[in-house]
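We use all heavy atoms of the structure for the numbers below, so side chains are in, but hydrogens, waters and symmetry mates are not. Please read these numbers as outputs of a predicted model, since none were measured by experiment. By convention in this document, chain letters (A, B, ...) are assigned in the order of the sequence lines, proteins followed by strands, and residues within each chain are numbered from 1.
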Amino acid sequence: MIFDSGTWEMLKTGIWETLYMVGLSSLISYLIGIPLGILLTVTGKDGIRPIPFLQGILGVVINLLRAVPFIILLIMLLPVTKALVGTTVGSVAIIPPLVIAAAPYIARMVESSFREVDAGVIEAAKSMGAGTFQIIWKVLLPEAKPSLLVGAAISITTILGYSAMAGFVGGGGLGAIAINYGYYRYETGVMFLTAAILVIIVQLVQEVMMKLSIKTDRRIR
Amino acid sequence: MEQRKPIIRLEHLGKEFPTADGPVKALEDINLDIYSGEIFGIIGLSGAGKSTLVRCINYLEVPTEGDVIFEGVSLKSLNRKGINQMRRSMGMIFQQFNLLSQRTVLKNVCFPMELQKVPKKQAEARARELLELVGLGDREGAYPAQLSGGQKQRVAIARALATNPKVLLCDEATSALDPNTTKSILQLLKEINGKMGVTIIVITHEMGVIEAICDRVAIIDSSHIAEAGNVSDIFSGPKSAIGRQLIMGNTVHAEFGHSKLVRIIFDGRASKEPVLANLILACKAPVNIMYAATSDVNGTAMGQMIIQLPDEEGEEKRIMNYLATAGILHEEVTEHDF
C-alpha cells in the first residue's frame with residue numbers, strides 16, 4: 001500500500017497533536033495528582049498527620065471520578081470544557097476532561113508509591129524532629145522517586161489511551177486519525193499505521209521511564 | 001540513693017492502645033529515673049511493652065497516662081513544635097537501621113542537620129567527623145544498600161549523634177546483627193558514652209547486651225516494671241521470676257529432688273580452667289552446688305565441691321561421663337557424707 005504525501009503530512013500533524021495533548025495533560029494532571037496523592041497518604045489513618053474525615057471525602061471523590069468511563073466523562077464535562085478553554089472541539093478541548101480523568105488516577109498511583117516508603121524511615125525522621133512538610137519533601141518524595149517514575153510510565157500510557165477518544169469531539173491526534181480512517185472510511189492501512197505509531201510511542205515512554213527509574217534507584221547496587 | 005537530678009523521669013507512665021476487642025494496656029504505672037551520663041538498659045521478652053516504652057520517651061507514642069519529664073520539662077506541656085525541638089536533643093537508632101535509601105552515607109548523616117537548617121558546609125564537616133568516629137570515614141559516598149548491617153548501624157549512630165543529643169535511644173539496635181558485629185556496635189556505644197557523655201537508653205531482649213554495657217537495668221514484664229537496679233545487683237540476685245528467667249535462661253527448671261550427689265576434688269591441676277562452667281556448657285545440663293570449700297595454696301586452688309546432678313537420667317549420665325573423660329577427680333557421695 002502506498003501513501004501519498006498528504007497522508008504523511010496528516011500523520012506528522014497527528015503525532016504532534018498527540019504529543020501535545022498527552023504531554024500537556026500529563027503535566028497538569030501531575031501538578032494536581034501529586035498534591036492529592038500526598039494529601040491521601042498524609043491524612044490517612046496511619047499517616048503522619050491523620051485527618052480521617054478529609055481523607056474519607058477525598059477518597060470518595062476520587063473513586064467517583066475514576067468510576068465514570070472516560071468517553072462518558074468527556075461528554076458530561078462539555079460545559080466545563082467550554083467554560084475552561086472556550087471551545088468544545090479540537091485538541092485543546094480534550095485537555096480538561098483528560099486532566100479531570102487522569103488526576104485522580106495519578107493521585108492513587110502516587111499514594112501507592114508513598115505507601116511503599118518504609119515506615120521505619122519516616123519514624124526515624126520523626127525521631128529527629130522533622131515536621132510534616134520536611135517529611136514530605138525530604139523523605140517521602142525522594143524515597144518514593146523510583147516508584148513514582150514507574151507510576152508515571154503507566155499513567156502517561158493510560159492518558160495516551162484516553163487521548164485516542166479525542167476524535168469523538170473533533171479533536172486531533174493519532175487516535176482521531178485511526179478512528180476517522182479505519183472506522184468511518186474503512187482505510188485499514190492508515191488505521192494500522194497509526195496504531196503502530198502509537199505502539200512505538202508507548203514503548204518509548206515505558207522504556208525511558210523504566211530506565212530512568214532503575215538508573216536513579218540507589219537501592220540497587 | 002543518688003543525689004543527682006534525673007535527665008529523664010517517667011512518672012506513672014501508661015499507654016493504652018484501642019483494639020477491636022477493647023483497649024489493651026501496653027504499659028502501666030511505669031516509674032523510672034534515668035541519670036545523665038549513664039547507660040540504662042530496659043529488657044523484656046517480646047510483647048512486654050519495651051518498644052512502646054522507648055517510643056513514649058521521645059513521644060513517638062503519646063502516653064495515655066502519666067508524664068515524661070526531660071531535663072525538668074514535662075513533655076505533656078509541649079506543643080508539636082516543642083516536641084520536635086525536644087526530639088533534636090534525643091537521638092534514636094533502630095533495629096532496622098532506617099537509613100534513607102536514596103541518600104549517600106554522608107547525606108544520611110547530614111539529614112538531621114539539614115532539618116535544623118545547619119549550613120551545608122558546616123553540616124558536611126560535622127558529618128565527616130562523626131563518620132570518622134564510627135570508623136566509616138572512607139565510605140561517605142556509598143549508599144546504604146552497599147553496606148553491611150553493622151556498617152548501616154554505624155551510619156545510623158553517626159546520624160543520631162549529628163545534632164549533639166543529650167540522650168541516645170537504642171531500640172533493639174543489635175538484634176538484627178550477628179554476635180561479632182553486636183559486640184563491636186556495643187563497644188562503639190560504650191565508647192561514645194565515655195567520650196561524649198551521652199546518656200544511652202538501650203532496649204533489648206538479650207541479657208548479654210545489658211551485661212556488656214549497661215550500668216543500670218529495668219526489667220519489664222507484661223506492661224509493668226518487674227524490678228530495676230544496678231546491673232551487678234540484679235545479676236547476682238534477681239528478685240522477680242522474669243528476672244531469674246532472663247538471667248538464668250529456661251534450663252533451671254530442671255528437677256533435682258533426690259538425685260545423685262557428686263564430690264569434685266580440686267587438686268590444683270584444674271585451677272586455670274573453669275571446671276564447673278565447662279561441665280555445664282559441655283553437658284548442657286544444670287547442676288546444684290550443695291557445698292563448696294576452696295583454699296588458695298601457693299597460688300593454686302585446692303578444695304572440694306559437692307554438686308547435685310539433675311534428676312533426669314540422660315543428663316546425669318552425660319555429666320558422669322564428662323567428669324570421667326575430662327579426668328576430674330570425683331566420687332559419688334550420700335547426704336550423710338557431709
Side-chain angles (χ1 to χ4, degrees), chain A residues 34 38 41-53 110 112-152 209-221, chain B residues 18 51 54-55 57-61 78 80-105 107-117 141-147 152 155-156 159-163 165 167-172 176:
Chain A
I34 286 189
I38 290 172
T41 320
V42 168
T43 60
K45 211 169 64 219
D46 28 68
I48 48 176
R49 263 318 248 288
I51 314 174
F53 168 74
V110 170
S112 99
S113 289
F114 283 164
R115 286 203 191 283
E116 284 171 32
V117 175
D118 186 357
V121 177
I122 296 167
E123 190 181 38
K126 275 192 194 167
S127 80
M128 293 175 226
T132 307
F133 280 97
Q134 284 179 318
I135 292 177
I136 293 169
W137 200 244
K138 289 181 180 290
V139 181
L140 281 180
L141 279 166
E143 288 290 301
K145 195 178 78 179
S147 170
L148 286 171
L149 285 170
V150 175
M209 292 303 225
M210 289 305 275
K211 282 253 163 66
L212 210 60
S213 166
I214 290 166
K215 220 177 154 202
T216 58
D217 190 354
R218 304 303 182 180
R219 287 171 299 183
I220 302 159
R221 283 159 232 232
Chain B
S51 271
V54 73
R55 279 168 177 71
I57 295 178
N58 64 0
Y59 256 53
L60 283 176
E61 293 285 359
L78 297 177
R80 191 186 293 271
K81 229 178 153 185
I83 290 292
N84 281 344
Q85 211 57 48
M86 167 279 293
R87 282 177 182 161
R88 289 165 185 187
S89 308
M90 281 198 217
M92 188 170 187
I93 58 172
F94 305 83
Q95 180 172 4
Q96 292 307 330
F97 325 121
N98 296 345
L99 299 176
L100 292 145
S101 64
Q102 307 292 340
R103 278 176 176 240
T104 61
V105 164
K107 286 292 169 194
N108 261 287
V109 182
C110 286
F111 182 67
M113 295 182 273
E114 228 175 277
L115 296 177
Q116 291 185 38
K117 310 208 164 55
Y143 285 92
Q146 297 165 316
L147 303 178
K152 283 185 208 170
V155 176
R159 183 175 70 173
L161 295 174
T163 52
V167 177
L168 180 62
L169 306 172
C170 309
D171 182 25
E172 296 277 10

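- Contact check for A:R49 versus B:R80: side-chain heavy atoms found under the 4.5 Å cut-off.
- For the pair B:N84 and A:G131, the tightest heavy-atom approach, listed with the atom from each and the gap, is ND2-CA, 3.9 Å.
- In this structure, chain A has no heavy atom under 4.5 Å from any part of B:I93.
- Neither the backbone nor the side chain of A:A119 has a heavy atom closer than 4.5 Å to any heavy atom of chain B.
- Looking at B:P112, the atoms closer than 4.5 Å to chain A (heavy atoms on both sides) sit in the backbone and in the side chain alike.
- Proximity to chain A involves both the backbone and the side chain of B:L115, based on heavy atoms less than 4.5 angstrom apart.
- Listed options B:N58, B:L169, B:L100 were ranked by heavy-atom pairs under 4.5 angstrom with chain A; first place goes to B:L100.
- Under the 4.5 Å side-chain criterion, counting only non-hydrogen atoms from C-beta, B:T163 is not in contact with A:M128.
- With a 4.5 Å cut-off on side-chain heavy atoms, A:K145 and B:Q102 do not count as touching.
- For the pair A:E143 and B:R103, the minimum side-chain heavy-atom distance is 4.5 Å or more.
- Counting heavy-atom pairs under 4.5 Å between each of B:M92, B:Q116, B:R88, B:M90 and chain A puts B:R88 at the top.
- Of the inter-residue distances, the one linking A:K126 atom NZ with B:Y59 atom OH reads 14.5 Å to the nearest 0.5 angstrom.
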